[in-house]
Peer 1: 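Please find one structure pasted underneath; my questions will follow.
Since the model is a prediction, treat every value here as computed from it, not as a measurement.
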Amino acid sequence: MTAMFANNDRTSPASEALDLAGIGIGPSNLSLASLLDGVGNVRAHFYESRASFDWHPGMMLPDVELQSSYLKDLVTPVMPTSPWSFISYLVAHKRLYAFLNAHYEAVPRREFAKYLAWVAGQLKNLTFEQPVREVTFDKDQFLLRLDSGTVTAINLVLGTGTTPFVPSWATPFLGEKCFHNSQAKQRLPGLKASRIAVIGGGQSGGEVVEALLNSKSTLKELHWFSRRHNFEPINDTAFSNQVFSPEYVYAYLNLNNDQKLEALKASILTSDGLSISTINAIYRRLYSLRYLENRNIEAKLSPNRDVIQVEADKDGYRLIVRNRFDGGVEVAHADAIVLATGYQFRLPDAFAGLRDRIQFDRNNRPVLNNDYCLSWSGPKQNRIFAQNAGRHSHGIADSQLSLMAWRSAHIINALLGRDQFDLEPHDSQVNWLSTGHDTMSQSMAVDY
């Protein structure tokens, strides 16, 4: 079935049903909005509760870097001539040559955030300060209740991002001195604590540790706990990066659930490892503090640990930790805890009325079809696309920026019922599947 669309009114959605309504404006939906800006005859509009675009403001610590190429921006991988590319941003701000001459090994995250905000400030299919309060379904369309009224749409796309994951043992203590690293920029400068525990050995944990070691605070004791065997670097080689390619997604979708879980575990360090620059900066800072500056900071780096219990202890916390390396149980004391424990996808509260119609897996994750649609009991022509929700169903790249533009293009092709963008796989350098598999036809074929 080929979809039919009304003329696109990009300045404001009219009373006629939108072809697509976007809920949330993060990088993923911003990518989709950018690509749709060049596609005619699609009535699409995106809504965000925040006053303006702001990408992970709580994680913008000094000198943090992007872990993917700046060419993997909002549009370039599928539409390199778009006016919304990172290169276009540099040219528009007259600093292309200055940027190139800086020879960045990795782009400063603040620079990429400015690029995203620049695009968001110019697109006409975005509305900020307009939270979606409730989503319902009536006959053949979705109804979105906004503060300004009700908008109807044939299809939806969720781009609300992931939410901080907080371990159950930490929930009772959340507050000024126990918080997720998503609040690090706001909380760390004023944190008055001489003993601090950082939980999580990935890049976010490393960035928090580096910031603490470089701060002028009264820090005397730093515990850094990781569940991994060591503080391990990101696997950033030519072959390991093949998991961030469309060809790998096509292959991954051929796997059963157990095979997907095994593949996800095997590729975890291609996404969640520490950058070499962060590892070296931390190690050199520890060297300098110990041998050159004679500062009395006791840094205890403890991999292979599980925090199994936390108790209030006077003005601080008592952490019970299991050492999986030798089986021992340890006790640590801290005045503050920073949780670098990652993120997880969850349906927004506005979907409470539709939750019973959406299918979830045994781990309470919404089931995502190959074309990035939630599996739900409504009509097939009314789809709920979900961005950044397919880490388990589509592979480890789904929660990263790397395939953001490609995923958006795939959603647009599914929406239109035709190939607006050429998403045929490239010649892969790695053979993932057994001989005889047709990865494209078996994996990403969409029932239009």
Peer 1: Crowded around Asp315 CG? As in, over 12 foreign heavy atoms under 6.0 Å?
Peer 2: no
Peer 1: From the options Arg324, Arg305, Lys300, select the one residue that forms a salt bridge (Lys or Arg N to Asp or Glu O under 4.0 Å) with Glu330.
Peer 2: Arg305
Peer 1: Do the charged groups of Glu210 and Arg284 touch, with an N to O distance under 4.0 Å?
Peer 2: no
Peer 1: Show your reasoning for whether side chain to side chain contact (heavy atoms under 4.5 Å, CB included) applies to Ile25 and Phe128.
Peer 2: CA-CA 8 Å; Ile25 304 174; Phe128 291 89; 4.0 Å; yes
Peer 1: Would you confirm whether the ring centroid of Trp406 sits within less than 6.0 angstrom of the ring centroid of Tyr250?
Peer 2: yes
Peer 1: Relative to each other, are the rings of His56 and Tyr343 parallel, tilted or perpendicular (30° and 60° limits)?
Peer 2: tilted
Peer 1: Is the backbone N or O of Leu213 less than 3.5 Å from a side-chain atom of Arg285, with the two atoms forming a donor-acceptor pair by type?
Peer 2: yes
Peer 1: With rounding to the nearest 0.5 angstrom, report the CG to CG distance, Leu415 to Leu20.
Peer 2: 5.5 Å
Peer 1: So, are Arg95 and Glu111 salt-bridged, with charged N and O less than 4.0 Å apart?
Peer 2: yes
Peer 1: Let's go through Tyr283 and Leu286 carefully: what are the C-alpha distance in whole Å and the side-chain angles of both, what is the deciding distance for side chain to side chain contact (heavy atoms under 4.5 Å, CB included) to 0.1 Å, and is it a yes or a no?
Peer 2: CA-CA 5 Å; Tyr283 194 93; Leu286 290 171; 5.6 Å; no
Peer 1: When you measure from the side chain of Asn256 to the backbone N and O of Gln259, does any donor-acceptor pair fall under 3.5 Å?
Peer 2: yes
Peer 1: Just checking, any donor-acceptor pair under 3.5 angstrom between side chains of Asn323 and Asn304?
Peer 2: no
Peer 1: Among Glu298, Glu221, His223, which one satisfies side chain to side chain contact (heavy atoms under 4.5 Å, CB included) with Arg195?
Peer 2: Glu221
Peer 1: Any chance the rings of Phe99 and Phe86 have centres within less than 6.0 Å?
Peer 2: yes
Peer 1: Quick check: does any side chain N or O of Tyr70 sit under 3.5 Å from a backbone N or O of Phe112, one acting as donor and the other as acceptor?
Peer 2: no
Peer 1: Only one of Arg227, Arg322, Arg228 passes salt bridge (Lys or Arg N to Asp or Glu O under 4.0 Å) with Asp306; say which it is.
Peer 2: Arg227
Peer 1: Is the side chain of Tyr372 donor-acceptor paired with the backbone N or O of Asn388 at a distance under 3.5 Å, no angle test?
Peer 2: no
Peer 1: Give a yes or no on whether Glu262 atom CD has more than 12 heavy-atom contacts from other residues, nucleotides or ligands under 6.0 Å away.
Peer 2: no
Peer 1: Is there a donor-acceptor contact under 3.5 Å from the side chain of Lys192 to the main chain of Thr218?
Peer 2: no
Peer 1: Are Ser277 and Glu65 close enough that a side-chain donor and a side-chain acceptor fall under 3.5 Å?
Peer 2: yes
Peer 1: Go through the steps to decide whether Gln387 and Ser408 satisfy the test side chain to side chain contact (heavy atoms under 4.5 Å, CB included), and finish with yes or no.
Peer 2: CA-CA 8 Å; Gln387 301 251 40; Ser408 294; 3.7 Å; yes
Peer 1: Would you find a donor on one side and an acceptor on the other, under 3.5 Å apart, between the side chain of Thr270 and the backbone of Ser267?
Peer 2: yes
Peer 1: Can you establish whether the number of heavy atoms outside Asn230 located under 6.0 Å from its atom CG is more than 12?
Peer 2: yes
Peer 1: Under 3.5 Å, is there a donor-acceptor pair between the Thr278 and Gln203 side chains?
Peer 2: yes
Peer 1: Would you say the side-chain atoms of Ser240 pair up with the backbone N or O of Asn235, donor to acceptor, closer than 3.5 Å?
Peer 2: yes
Peer 1: Under a plain distance cut-off of 3.5 Å, with no hydrogens placed, do Thr127 and His45 share a side-chain donor-acceptor pair?
Peer 2: yes
Peer 1: Just jot down the salt bridge (charged side-chain N to carboxylate O under 4.0 Å, His left out) partners of Glu176, sequence neighbours excluded, or say none.
Peer 2: none
Peer 1: Report yes or no: does Thr163 contribute a side-chain atom to a donor-acceptor pair with the main-chain N or O of Gln344 at less than 3.5 Å?
Peer 2: yes
Peer 1: Before accepting this row, confirm whether a basic side-chain N of the pair Arg391/Asp398 lies closer than 4.0 Å to the acidic partner's carboxylate O.
Peer 2: no
Peer 1: Asp54 side chain to Pro57 main-chain N or O, any donor-acceptor pair under 3.5 Å?
Peer 2: no
Peer 1: How about His229: does its NE2 atom have over 12 heavy atoms from other parts shown lying under 6.0 Å from it?
Peer 2: no
Peer 1: Take a 6.0 Å sphere around CZ of Arg290 and say whether it holds more than 12 heavy atoms from other residues, nucleotides or ligands.
Peer 2: no
Peer 1: What verdict does the salt bridge (Lys or Arg N to Asp or Glu O under 4.0 Å) test give for Glu207 and Lys185, after you've listed the backbone C-alpha separation in whole Å, the side-chain angles of each residue and the deciding distance to 0.1 Å?
Peer 2: CA-CA 11 Å; Glu207 290 171 0; Lys185 184 178 180 181; over 6 Å; no
